[in-house]
A.B. asks: 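Encoded as structure tokens, here's the structure I'll be asking about.
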Amino acid sequence: MTKKNYFDIARHISWQNTSNKLITKTLLAQQIGVCVRTIDNWIKSSFLPAPIMRNGRIVGWLEGTLYQWFDYIKTYYLPDCIA
């Protein structure tokens with residue numbers, strides 16, 4: 001019996017944050033000043049949260065998910081960063 005991977009929308013939605021804006025890989029790369037290939041590498045290394053995918057292609061991330069990721073990065077990787 002083959003195990004199917006089901007998309008879990010719950011990990012992308014924070015009920016406290018009502019932001020539903022979808023951020024594409026290209027837009028994310030532009031916003032943080034890296035190339036798209038760097039975003040691909042961060043996804044493969046699990047540095048970025050898993051993106052929403054459809055038919056094997058990356059659609060993007062919900063804005064709230066990226067805010068949570070950035071807060072995590074500031075806390076654990078950049079502790080001296082002023083918010």
A.B. asks: I32 versus T38: any side-chain heavy-atom pair under 4.5 Å?
C.D. replies: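 In short, these two side chains do not touch, never coming nearer than 4.5 Å.
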A.B. asks: Out of curiosity, L66 CG to L48 CG, how far, rounded to the nearest 0.5 Å?
C.D. replies: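 Going from the CG atom of L66 to the CG atom of L48 covers 7.0 Å.
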A.B. asks: Taking C-beta and beyond as the side chain, do F70 and T75 meet within less than 4.5 Å on heavy atoms?
C.D. replies: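 The answer is no; the side chains never approach within 4.5 Å.
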A.B. asks: Can you name the closest pair of heavy atoms from F47 and W69 and give their distance?
C.D. replies: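 Here F47 and W69 meet closest at O-NE1, 2.7 Å.
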A.B. asks: So if I apply the side chain to side chain contact (heavy atoms under 4.5 Å, CB included) rule between I23 and each of L28, L62, I52, V59, which one comes out positive?
C.D. replies: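 Of all the options given, the one that passes is L28.
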A.B. asks: Please test L22 against E63 for side-chain contact (heavy atoms from CB on, under 4.5 Å), starting from the C-alpha separation and ending with a verdict.
C.D. replies: CA-CA 6 Å; L22 189 66; E63 190 175 40; over 6 Å; no
A.B. asks: Checking S45 side chain against N41 main chain: does a donor-acceptor pair fall under 3.5 Å?
C.D. replies: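 Confirmed, S45 side chain pairs with N41 backbone.
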A.B. asks: side-chain contact (heavy atoms from CB on, under 4.5 Å), that's the test. Do I58 and I43 meet it? Break it down for me.
C.D. replies: CA-CA 10 Å; I58 295 173; I43 293 168; 3.5 Å; yes
A.B. asks: Could you state the interatomic distance from NZ (K25) to CD (Q30), rounded to the nearest 0.5 Å?
C.D. replies: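 Going from NZ on K25 over to CD on Q30, the span is 13.0 Å.
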A.B. asks: Would you say V36 and W61 are hydrophobically clustered, going by side-chain heavy atoms of ILVMFWY under 4.5 Å?
C.D. replies: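 No, V36 and W61 fall in different hydrophobic clusters.
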